[in-house]
Amino acid sequence: MAKRFTDSDKWKNPWFRTMPNAYRWLWIYILDNCDQAGIWMGDFHLASYFIGSEVTEETAADIFGDKIIKIDSDKWFVPSFITFQYGSLKSDSRPHMSVIKILEKYKIDLQKLTLSKGYPKGINTLKDKDKDKDKEQDQDKAKAKDKDQDKDQDKDRRVQIEIIYKTHYPLKKGKSDGIDAAAKDLKTEQDLIDFETAVVRYADDCKAKGTEDRFIKHFSTFVSTWRDWLDADAGKSTVTPIRKSNADKNFDIIADQARRVMAGEL
């Protein structure tokens with residue numbers, strides 16, 4: 001029968017004293033039945049038999065918290081067992097050698113008494129698993145919420161672009177492709193304001209020049225170059241004189257002849 005030290009002060013410890021009775025006995029059972037390195041084969045069925053009350057892994061993990069580390073699918077490690085039984089482990093101490101060998105086998109840091117590489121995938125405590133699951137669910141909910149908000153914003157943006165198109169654009173062609181392209185390009189409220197300014201300037205320019213419909217850009221084409229019309233002077237350098245009537249042309253000819261006569265050129 002293995003003999004080991006026991007902490008008689010545990011009964012004064014609030015953490016131990018306030019535990020459910022079955023789990024107080026489970027804690028004592030683990031400390032009595034773990035190996036010399038503080039590693040216990042997590043047989044809860046057998047533990048329940050000896051304790052006389054049913055205990056479960058889920059509840060034990062929740063109650064014991066960081067006082068235990070699950071190092072395998074069925075193995076629990078009690079770090080405080082090492083410090084209480086041996087103090088600091090020393091490689092030149094014969095009683096410590098077997099303990100060190102076991103801890104190294106399970107990749108437990110001899111100084112920190114934690115897993116050297118953190119919890120291997122799939123063997124963290126059930127409490128941690130629940131926390132991870134809750135965290136993943138919260139992240140999924142946040143992503144879904146962001147996605148819904150993006151959809152709503154895209155829908156609102158499209159509505160505003162369509163209003164600008166219907167209200168100001170001088171040619172009602174290229175609507176669908178134009179709105180699709182504009183919705184991808186216009187990301188902020190300021191973008192929408194600037195876009196409306198550009199559309200109005202282009203429409204005013206077409207009106208001032210008397211541009212025929214066949215020379216007005218389709219809305220989808222205009223969207224690709226709309227920023228060119230943010231300049232207040234946009235279009236002025238390329239103003240095309242409005243086509244004159246025959247009467248206007250004849251008047252210009254007569255006026256030019258009169259000017260030349262007065263100047264002695266004729």
Side-chain angles (χ1 to χ4, degrees), residues 121-122 128-263 265-266:
K121 184 178 180 181
D128 290 333
K129 287 182 179 179
D130 290 340
K131 288 182 179 179
D132 291 342
K133 186 176 181 180
D134 291 341
K135 186 177 180 180
E136 289 176 359
Q137 290 176 344
D138 290 341
Q139 289 175 341
D140 290 341
K141 289 179 181 179
K143 289 179 181 178
K145 184 177 181 180
D146 290 342
K147 191 173 182 179
D148 290 339
Q149 288 179 341
D150 290 341
K151 286 183 179 179
D152 291 339
Q153 290 176 354
D154 182 69
K155 185 176 180 180
D156 292 341
R157 189 158 51 244
R158 285 174 174 274
V159 169
Q160 293 180 66
I161 293 169
E162 185 170 359
I163 291 173
I164 293 172
Y165 167 79
K166 289 182 177 179
T167 305
H168 304 295
Y169 203 70
L171 182 67
K172 300 303 184 271
K173 290 184 178 180
K175 171 185 173 181
S176 181
D177 290 342
I179 290 177
D180 286 343
K184 293 178 180 178
D185 186 28
L186 309 179
K187 301 300 182 182
T188 66
E189 189 65 28
Q190 187 60 49
D191 285 344
L192 283 167
I193 294 173
D194 291 344
F195 181 72
E196 184 171 18
T197 298
V199 171
V200 170
R201 283 179 179 167
Y202 180 65
D204 289 346
D205 184 74
C206 290
K207 183 178 180 180
K209 294 177 181 177
T211 307
E212 298 179 16
D213 286 355
R214 62 194 178 113
F215 295 118
I216 296 176
K217 298 177 181 179
H218 287 199
F219 185 59
S220 54
T221 302
F222 172 81
V223 168
S224 64
T225 58
W226 71 269
R227 286 183 173 81
D228 294 343
W229 290 88
L230 290 179
D231 184 352
D233 295 327
K236 290 183 179 179
S237 61
T238 57
V239 172
T240 301
I242 298 175
R243 184 178 297 174
K244 295 184 177 181
S245 65
N246 289 331
D248 290 334
K249 291 179 180 179
N250 291 332
F251 177 82
D252 288 344
I253 292 173
I254 294 172
D256 183 62
Q257 289 177 339
R259 180 188 62 74
R260 295 174 66 185
V261 169
M262 294 178 66
E265 295 178 358
L266 290 177

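- A search for salt bridge (Lys or Arg N to Asp or Glu O under 4.0 Å) contacts involving Asp204 returns nothing, not counting sequence neighbours.
- Applying the salt bridge (Lys or Arg N to Asp or Glu O under 4.0 Å) criterion to Lys217, with sequence neighbours excluded, gives no partner residue.
- The CD1 atom of Ile193 lies 11.5 Å from the CG atom of Leu186; values are rounded to the nearest 0.5 Å.
- Residues satisfying the side chain to side chain donor-acceptor pair (under 3.5 Å) test with His168, not counting sequence neighbours, are Glu196.
- From Thr225, atom OG1 reaches atom OH of Tyr202 across 8.0 Å, with rounding to the nearest 0.5 Å.
- The nearest pair of heavy atoms linking Ile161 to Ala183 is CD1-N, 3.6 Å.
- Just one of Lys209, Lys207, Arg201 meets the salt bridge (charged side-chain N to carboxylate O under 4.0 Å, His left out) condition when paired with Asp205; it is Lys209.
- For the pair Val223 and Ala182, the tightest heavy-atom approach, listed with the atom from each and the gap, is CG1-N, 3.7 Å.
- Residues passing the salt bridge (Lys or Arg N to Asp or Glu O under 4.0 Å) test with Arg158, sequence neighbours excluded: Asp154, Asp180.
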**OP:** Using the side-chain contact (heavy atoms from CB on, under 4.5 Å) rule, take Phe222 and Ile216 through it: C-alpha gap first, then chi angles, then the decisive distance, then the call.
**Re:** CA-CA 9 Å; Phe222 172 81; Ile216 296 176; over 6 Å; no

Tell me which donor-acceptor pairs under 3.5 Å the side chains of residues 171-179 have, and how far apart each pair is, sequence neighbours excluded?
from: Lys172; atom 1: NZ; to: Tyr169; atom 2: O; distance (Å): 2.3
from: Lys175; atom 1: NZ; to: Glu162; atom 2: OE2; distance (Å): 2.8

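- Applying the ring-ring contact (aromatic ring centres under 6.0 Å, His included) definition to pairs two or more places apart or across chains, none involves residues 171-192.
- Every residue two or more places apart in sequence or in another chain that forms a side chain to side chain donor-acceptor pair (under 3.5 Å) with Asp194 is listed here: Gln190.
- Scored by the salt bridge (Lys or Arg N to Asp or Glu O under 4.0 Å) test, Asp185 finds Arg227 as partners (sequence neighbours excluded).
- The side chain to side chain contact (heavy atoms under 4.5 Å, CB included) search around Asp231 returns Asp233, Ala234, not counting sequence neighbours.
- A donor-acceptor pair under 3.5 Å is absent between the side-chain atoms of Thr167 and the main chain of Ile164, judged by distance alone.
- Minimum heavy-atom separation, Trp226 to Asp191: CH2-O, 4.0 Å.
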